[in-house]
Structures are given as C-alpha cells and as structure tokens.
Chemist: 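For reference, the structure I am asking about is given below.
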Amino acid sequence: MRILDDLKPLLKHIYTITSLIMNEQKIYELLSSGNYDKENEGMRMLIQDKAYLMQKHGRQMQHYFNDEKKHEIFIESIQTLLEKIRADKFEWRGKNSLEKYLYTLIDGKIKNEIRKIKMKRLVEITKAHENEIATTDKPSPDKKWEKLSQFIREKLGETCEKVLIMRYYEGMQLEEIAKEVGWTHGTTKNNSAGCMSKLKQLIKDNPNLKDYLRGLLQED
Amino acid sequence: MKYTEIIDKYLDGEMTSQEEVAFEAQAKTDPELAQEIELHQLAIVGIQHGQSARSQEGKARVEALVEGVKAEQKPPRVKPLPPVIPMWRKLLPLAAMLLLIPAIYFITTSFSNPLKSKSIALTEHYQSTTMGGNNPNEPEKTTLLKGINDFEEKDFPTAIISFDQVIEKYPAQRSAALFLKADALYRQGKKADALQVLKSIRQEDDGTLYEEVQAIIEKME
C-alpha cells in the first residue's frame, strides 16, 4: 500500500500527460475532419483546453490592449488555426504541437496589433503633411470592396497575396513564412518587401482604392 | 522598396532607440517618407480588412463557441445572503463581558492579601530603625527584627514564635507584632485566626493602627 501511495503522484503525472496528448490528438482529428459539427466539437475542446494560453498572453499584453481586443485576438487565432488545418498548413507532430502553434498564432496577432499602434503613432508624426492627405467620407459597404479586392488580387498575384496576408494579417515572422512557402530567408525578405511595394504603388496609382482605404482607416 | 523595408523595421521594433529617433525626425520633415508611411498604413489596412471580411462568418462561429464554453464554465452565481443572526446572539458577547467584570473583581479581591501593604510598611520601618543589627539595649526590637527576618524568608511558624515573645514581653511593639502575626497566619491560610488577632489589635490598640485594622477586618468579613 505504501508503494502505491508513493507512486500516486507519478501515476497522476503520467495520466495528465497522456490525457493531454490524447486530447490534442482528438482535437486535431476533429478539426481536420472537414465535418462542420466535428469541427465545432474540436474547437469547443480547444477553447476549453487552451483558454489558459489567452490568460497567459493576457497578462503579457495588459498594458497594450483592453479585454475586448484580447478576446478578438483569441477568436481570430482560433479561426486562423482552423483555416491552416483545413489548408493542410499545420501538421500534428505529437505532444503540445497544437498548443505551440496556437501560441505562435496568438503571438503573431499581438505583434500585428502592436505594429498598428506604432503605425498610428508614426502617422501622427507625419501630420505636418496632412494638407497633402485628403480626408474622405466613410466607404459604403461593401460591393465596392469586392471589386477592389478582386482588382488587387489580379494585380498582385496569388503568391504575393498569401505572403502579405501571412506577414501583415497573421503577423508571422519572415523565418516562419520562408518555411511555409519554401523560400530562403533572403528571398522571403526581398519578395515580402517587393509585394508590399507593389501594393503601395497600386494604391498610389488608384485614387478610388486610396480613398476607400482612407475611409476604412477613419472607421477604425 | 527601400522605404518599405525601413518602415517594417521600425514597426517590427528592430531599430535601436537612436535609429528610431532619427527615423521619426525624418518622418516629420520628409514629405516623400510621410507619403510612403501613409501608403504603408493604407496597404496594411487593405490586407487586414480583406482578410477579416473574408473570415467574418468563421469568426462569428468561433465567437459563438467561446461564449458557449464560457457559459458552461461559469454557472450563474447567486451571491449568498449574509446569515441572519438573532438579536440574542448579537448581545451574547456583551453579556459575557458584563459577567466577566464582576468575576474578575471577585477573583482579584479574594486572592489579594489585605494585610500585605501595611506589613511591608511595618517591616521597612523596623528594619530601618534597628539598622539591621543586634542591640542589647533594645532587646524588644531585636526579637521583633528576628521575627521579621523569618517572616520575609516565609518561615511563618518561627516568625510567629518571635512575634509572640514581643507581644508577651514588650507592650511598646505589641500592636506591630500582633499585626505581623495576623499576616503570618493569613499567609498560612489561617484566615479565621488572623481575623481574631486583628480584632485583638482593635481592642488593645494604642490608636496608630486602629483605622487601618478596622478597614481590613471589614474587607475580610
């Protein structure tokens, strides 16, 4: 009996690790099932299981964001994870790999939000030139955007669009993008900057698009 | 292209603080850079808006699931009402205090020795007047002092023998010896005997101890 008592903590630890791995595997299987209800079940388990990740991040970013923003980041990260799994961009590699990936996604979103804050500050600095930057009315939703985004996609090409989304929407680091796209680090850096410059040129050359985006910015 | 990389470096926090200051200073004065910054911002807004518009439905789905999980995890908590304490229980501590005060008074008065302070005064008086030595010219004081020494060493029976000798032979110190004898009896637990001795002082007293003895007798009775 004494030996059993001594073994209890060890057995409990093994049980916890095993159940975590089994949980992760089950979540992954459900999320990659392609079935709407199973995906929902997987996401529910994921939210229950990994909510503490958000709490952990929440502590780190409490100076930057309010609760609403933290919540939004969590939601967007789970949504992105599902999209990645659907697109076969994530492969389950055993213990904690789902958690680590979700952590990276949350991290990327946080960096993105911090970038936004810095961008706003930078724009404030350039206010000396505000006479050159015309203010516009809010854009009307949203058929106009459909046309514009179609136009952008055609002009940029699929690869550029993907890279820009990874870099500026998902907040991925250049190394991670390189791994996903299969480029070297240098190529990724050049192509990412090249794609961004292309998009900026497109905006510069199209007053309609520029006005629309200015309107979005005011809404934001 | 060159501006794009520099702006990204700034936004990613990869510049040193000196580089940041210099960059911000340039942004203030360089209209070309200012225009690039605006375009950069608009480009990011476009990318993010496009992506979130596309995943709006998916987000609503996750949002609903998160809310569901939250609701499951947090059953509505009803704040418990404070327990109702009857008035008699509220007054209980006060009643206990009121009972305790006379009890403490009774205990302190019962166990304190009413003769003690006068005994100390008497012993100090005789010790100082006889200077602690034997004086063949004043044998009454020497005998009394011996009794006092035994009394202080808590050898009460021996002290009483000396006090009895003084009471019998030396009328001048009779009252003091009686008083000290009463205290010696009291300290041995013989309260009735002590009371008797005190009463005898009252009857035979020369007047110096009368009032004090009277008060002590009243306390002891």
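To find a chain, count down the sequence lines: A is the first, B the second, and so on, and within it residues start at 1.
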Chemist: Hey, are the side chains of A:Leu216 and B:Gln48 touching, using non-hydrogen atoms and a 4.5 Å cut-off?
Modeler: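 The answer is no, as the side chains (C-beta and beyond) never meet within the 4.5 Å cut-off.
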Chemist: Tell me whether A:Glu175 at atom CD has more than 12 heavy atoms from other residues, nucleotides or ligands lying less than 6.0 Å away.
Modeler: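 It does: A:Glu175 CD has more than 12 such atoms within range.
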Chemist: Just wondering, do B:Glu20 and A:Lys118 contact through their side chains at under 4.5 Å, heavy atoms?
Modeler: yes
Chemist: Contact part of A:Glu83 toward chain B, heavy-atom cut-off under 4.5 Å: side chain, backbone, both or neither?
Modeler: side chain
Chemist: May I have the step-by-step check of salt bridge (charged side-chain N to carboxylate O under 4.0 Å, His left out) for B:Glu24 and A:Arg121, ending in yes or no?
Modeler: CA-CA 10 Å; B:Glu24 285 171 2; A:Arg121 182 166 165 248; 2.9 Å; yes
Chemist: What distance separates B:Leu65 CG from A:Met45 CE, expressed to the nearest 0.5 Å?
Modeler: 13.0 Å
Chemist: More than 12 non-hydrogen atoms from neighbouring residues, nucleotides or ligands closer than 6.0 Å to CD on B:Glu14, yes or no?
Modeler: yes
Chemist: Check whether A:Glu72 gets within reach of chain B through its side chain, its backbone, both or neither, counting any heavy atom under 4.5 Å.
Modeler: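 Answer is neither: A:Glu72 stays 4.5 Å or more from chain B.
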Chemist: Do you know which two heavy atoms are closest between A:Leu213 and B:Gly46, and how far apart they sit?
Modeler: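 Looking at all heavy atoms of both residues, the shortest contact is CD2-CA, 3.5 Å.
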Chemist: With chain B as the partner, which of A:Leu122, A:Leu209, A:Leu199 has the greatest number of non-hydrogen pairs under 4.5 Å?
Modeler: A:Leu122
Chemist: Under 4.5 Å from any heavy atom of chain B, what part of A:Lys111 do you find: side chain, backbone, both or neither?
Modeler: neither
Chemist: At a heavy-atom distance under 4.5 Å, which candidate from A:Leu46, A:Ile203, A:Thr80 has the highest pair count against chain B?
Modeler: A:Ile203
Chemist: Less than 4.0 angstrom from a charged side-chain N to a carboxylate O is my criterion; do A:Arg214 and B:Glu38 meet it?
Modeler: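 Judged by the 4.0 Å cut-off on N to carboxylate O distance, A:Arg214 and B:Glu38 do form a salt bridge.
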Chemist: Which one wins on heavy-atom pair count under 4.5 Å against chain B: A:Ile78, A:Leu82, A:Asn40, A:Leu164?
Modeler: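 Top option by heavy-atom pairs under 4.5 Å: A:Asn40.
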Chemist: Run the side chain to side chain contact (heavy atoms under 4.5 Å, CB included) check on B:Val66 and A:Arg44 step by step: do they pass?
Modeler: CA-CA 7 Å; B:Val66 169; A:Arg44 198 174 292 123; over 6 Å; no
Chemist: Heavy-atom cut-off 4.5 Å, strictly under: side chain, backbone, both or neither for B:Tyr10 against chain A?
Modeler: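 When you check distances to chain A, atoms from both the backbone and side chain of B:Tyr10 fall under 4.5 Å.
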Chemist: Shorter than 4.5 Å, heavy atoms on both sides: which option in B:Asp12, B:Ile7, B:Leu33 has the most such pairs with chain A?
Modeler: B:Asp12
Chemist: Any chance you could lay out the side chain to side chain contact (heavy atoms under 4.5 Å, CB included) test for A:Tyr168 and B:Asp8, step after step, and finish with the verdict?
Modeler: CA-CA 10 Å; A:Tyr168 297 101; B:Asp8 272 337; 2.4 Å; yes
Chemist: Which one of A:Lys198, A:Met196, A:Glu76, A:Gln201 has the most heavy-atom pairs closer than 4.5 Å to chain B?
Modeler: A:Met196
Chemist: Just wondering, do A:Met119 and B:Ile37 contact through their side chains at under 4.5 Å, heavy atoms?
Modeler: yes
Chemist: Where on A:Ile114 is there a heavy atom nearer than 4.5 Å to chain B: the side chain, the backbone, both, or neither?
Modeler: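 Neither part.
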Chemist: Test your reading of the model: is there a side-chain donor-acceptor pair from A:Lys204 to the backbone of B:Leu39, 3.5 Å cut-off?
Modeler: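 Answer holds: no.
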Chemist: Can you measure from CD1 (B:Ile44) to NZ (A:Lys200) and round to the nearest 0.5 angstrom?
Modeler: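 Going from the CD1 atom of B:Ile44 to the NZ atom of A:Lys200 covers 8.5 Å.
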Chemist: Would you give the length of the straight line joining atom OG of A:Ser197 to atom NE2 of B:His40, rounded to the nearest 0.5 angstrom?
Modeler: 9.0 Å
Chemist: Got a sec: does the NZ of A:Lys162 have more than 12 other heavy atoms crowding it under 6.0 Å?
Modeler: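 No.
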Chemist: On the ring face of A:Tyr36, is B:Arg61 found with NZ or CZ under 6.0 Å from the centre and within 45° of the axis?
Modeler: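 Here B:Arg61 passes the 6.0 Å and 45° test against A:Tyr36.
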Chemist: So do the side chains of A:Tyr169 and B:His49 get within less than 4.5 Å of each other, counting heavy atoms only?
Modeler: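 The answer is no; the side chains never approach within 4.5 Å.
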